[in-house]
There are 2 protein chains.
Amino acid sequence: MPGDADIASVAALMGEPARAAVLMALADGRSLAATTLAAEANVAPSTASGHLARLVEGRLVTVESSGRHRYFRLASPEVASALEALARLAPHRQVRSLSQGTHAEAIRRARTCYDHLAGRLGVALLDALVSTGVLHVHEVGEGSDPVLGAGRARVYVLTGDGTSRLAALGVAPDPPTRRPLTRYCIDWSEQRPHLAGWLGAALLTRFAELGWVLRAPKRVVKVTDAGWAGLAGRLGVDVDACR
Amino acid sequence: MPGDADIASVAALMGEPARAAVLMALADGRSLAATTLAAEANVAPSTASGHLARLVEGRLVTVESSGRHRYFRLASPEVASALEALARLAPHRQVRSLSQGTHAEAIRRARTCYDHLAGRLGVALLDALVSTGVLHVHEVGEGSDPVLGAGRARVYVLTGDGTSRLAALGVAPDPPTRRPLTRYCIDWSEQRPHLAGWLGAALLTRFAELGWVLRAPKRVVKVTDAGWAGLAGRLGVDVDACR
DNA sequence: GGCACACTTCGGGCCTACCCGAAGCGTTGG
DNA sequence: CCAACGCTTCGGGTAGGCCCGAAGTGTGCC
């Protein structure tokens with residue numbers, strides 16, 4: 001547990017509204033240009049530039065120049081983990097305008113978390129994969145650790161039947177990277193796990209290929225009519241629970 | 001992944017040096033009085049009182065009144081997780097004074113993390129338990145997730161042989177709580193896992209009973225001569241690696 | 001080559017919030 | 001019952017940092 005590390009400097013970097021907005025915009029792993037991030041944070045380009053310089057200097061963000069653009073992205077997965085941990089503690093921002101309200105609702109329904117699905121749909125998808133036997137859950141110990149709530153030791157294993165069912169859908173778990181096949185991530189809006197890891201990413205990619213989902217701005221994911229039908233029919237997702 | 005949550009307010013709460021010092025002091029799960037925390041943060045009692053009120057209002061900390069004292073503690077394990085995630089990103093504070101230097105060294109050698117061992121000793125202990133066959137490691141997937149660094153899916157299972165060896169040491173894994181038997185925690189100073197969970201706590205408690213370790217102020221753990229001998233001889237810990 | 005664009009640096013205005021000491025309230029102990 | 005203690009509230013001084021607009025550098029496009 002923490003002891004001597006200078007938490008304050010990192011937290012202060014994340015604790016300024018404009019910088020937090022920048023980090024949140026980068027939270028799905030994309031690289032974005034400075035102007036885009038300025039708009040995202042609702043500040044002037046000059047202001048954003050200063051904030052970005054501080055984020056880079058604090059090693060939370062890296063830059064890559066490309067022509068006259070400079071693309072920023074999170075420096076490491078650990079940064080995303082920290083944002084995730086903070087989001088779990090954060091009060092949900094109160095809704096001010098109608099558009100904010102609909103966006104807040106949309107982002108809770110279905111969004112991307114890096115490269116996989118999150119929100120009610122992400123949670124329902126994982127539930128469906130487990131209840132239909134595509135994945136088996138192994139719990140280590142029972143209940144939740146009273147001391148370390150995060151990182152509950154739960155492991156999702158792809159079954160043989162699951163492998164063939166996914167192959168029928170066009171998702172073949174080749175080992176293209178050294179990335180773990182399954183991983184989970186506690187959803188900040190649902191407070192329940194959704195599927196991450198290689199499989200989580202592969203499913204989102206395949207859903208997009210099939211025309212089941214469309215990636216809208218601001219991390220929102222829109223599900224098409226074919227998508228709702230396919231998720232329910234082919235994977236057993238409880239689409240009513242996702243609205 | 002984060003989307004709409006108001007990360008900035010939480011991070012700002014953690015991003016002020018005095019408040020961060022308070023949170024770090026509470027990070028091992030203790031309840032401490034306001035005056036103690038003021039001293040810990042090097043601010044006047046009145047200043048600390050204001051910070052504590054804000055931490056309570058922000059739901060990072062809870063209070064319990066007892067006579068003329070008020071005892072503060074972290075509001076939830078999630079708060080500790082967030083601190084942990086930030087500590088992993090934090091630059092190690094540069095050493096200013098000799099006493100800070102020796103303390104920084106001591107805390108990296110052996111410290112408590114909540115109720116179990118961390119630092120080089122904590123890491124070496126887990127290594128020893130694995131290499132001597134007390135625990136078996138199960139990896140799910142291979143390597144590290146390029147997207148989600150934290151929460152690597154690794155599971156430590158107590159072996160039959162391990163159970164009897166621990167019993168000989170006076171540690172019997174009764175199921176006294178619903179807490180998981182084993183759990184790990186990425187050590188912020190070593191960037192490698194150390195043992196947490198019920199077993200991690202039981203081992204620290206037993207080491208203290210045996211007079212192997214003494215809990216010094218500021219989370220530092222001192223190992224006695226008998227402790228070094230016992231750790232090496234009975235558990236196979238590479239004590240040289242711990243210094 | 002020249003204009004438009006992306007971005008950064010600089011200067012100055014403003015405001016937040018951190019800090020402390022003094023004073024007030026409640027509790028404990030002699 | 002009074003003194004010491006723990007803690008909080010209040011007032012005022014200070015400093016740091018956030019914001020923008022204007023100006024400067026470098027790149028791409030016509």
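Per chain, numbering begins at 1; letters A, B, ... match sequence-line order.
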For this session: Could you pull out the closest heavy-atom pair between A:Leu74 and A:Thr62, with the gap in Å?
Result: O-OG1, 4.3 Å
Problem set entry | B:Val79 to B:Leu60 - nearest heavy-atom pair and separation | CG2-O, 3.8 Å
Using whole Å, what does the distance between atom [atom2] of nucleotide [N] and atom [atom1] of [X] come to?
X: B:His69; N: C:dC25; atom1: NE2; atom2: C1'; result: 16 Å
X: B:Phe72; N: D:dG6; atom1: CZ; atom2: C1'; result: 11 Å
X: B:Tyr71; N: D:dT8; atom1: OH; atom2: P; result: 13 Å

Test your reading of the model: is there a side-chain donor-acceptor pair from [X] to the backbone of [Y], 3.5 Å cut-off?
X: A:Arg30; Y: A:Ala25; value: yes
X: B:Arg219; Y: B:Met24; value: yes
X: A:Arg19; Y: B:Ala8; value: no

Seminar exercise, completed: The side chain to side chain contact (heavy atoms under 4.5 Å, CB included) partners of A:Ala41 (sequence neighbours excluded) come to A:Ala18, A:Ala21, A:Val22, A:Val43
Seminar exercise, completed: Residues passing the side chain to side chain contact (heavy atoms under 4.5 Å, CB included) test with B:Ala33, sequence neighbours excluded, are B:Thr36, B:His69, B:Tyr71
For this session: With heavy atoms under 4.0 Å as the rule, sort B:Ala33 into base, sugar-phosphate or nothing.
Result: sugar-phosphate
Exercise. What stems, by residue range, does DNA chain D take part in, given at least 3 consecutive Watson-Crick or G-U pairs under 3.5 Å?
Worked result: C:1-30 with D:1-30
I'd like a list of close polar pairs between nucleotides 11-18 of chain C and the protein, N/O only, cut-off under 3.5 Å.
from: C:dC18; atom 1: OP2; to: B:Arg19; atom 2: NH1; distance (Å): 3.3
from: C:dC18; atom 1: OP2; to: B:Arg54; atom 2: NH1; distance (Å): 2.3
from: C:dC18; atom 1: O3'; to: B:Glu16; atom 2: OE2; distance (Å): 3.3

Seminar exercise, completed: The complete set of salt bridge (charged side-chain N to carboxylate O under 4.0 Å, His left out) pairs with one or both residues in residues 31-59 of chain B, sequence neighbours excluded, reads B:Glu40-B:Lys218
Exercise. Which salt bridge (charged side-chain N to carboxylate O under 4.0 Å, His left out) pairs, counting each pair once, include a residue from residues 116-125 of chain B, with sequence neighbours left out?
Worked result: B:Glu105-B:Arg120
Seminar exercise, completed: For residues 203-223 of chain B, the ring pair (Phe, Tyr, Trp, His ring centres under 6.0 Å) pairs (sequence neighbours left out) are B:Phe207-B:Trp212
For this session: For A:Phe72, enumerate each residue passing the ring-ring contact (aromatic ring centres under 6.0 Å, His included) test, keeping only those at least two apart in sequence or located in another chain.
Result: none
For this session: Name all residues meeting the salt bridge (charged side-chain N to carboxylate O under 4.0 Å, His left out) criterion together with A:Arg206; count only those two or more places apart in sequence or in a different chain, and write none if there are none.
Result: A:Glu209
Seminar exercise, completed: Residues at least two apart in sequence or cross-chain that pass side-chain hydrogen bond (donor to acceptor under 3.5 Å, both in side chains) with B:Ser76, listed by chain then number, are B:Glu78
For this session: Considering just the side-chain nitrogens and oxygens of A:Arg70, establish if one lies under 4.0 Å of OP1 or OP2 belonging to D:dG26.
Result: no
Exercise. Heavy atom of residues 39-46 of chain B under 4.0 Å from DNA chain D: which residues?
Worked result: B:Pro45, B:Ser46
Exercise. Under a 4.0 Å heavy-atom cut-off, which of residues 56-68 of chain B touch DNA chain C?
Worked result: B:Gly67, B:Arg68
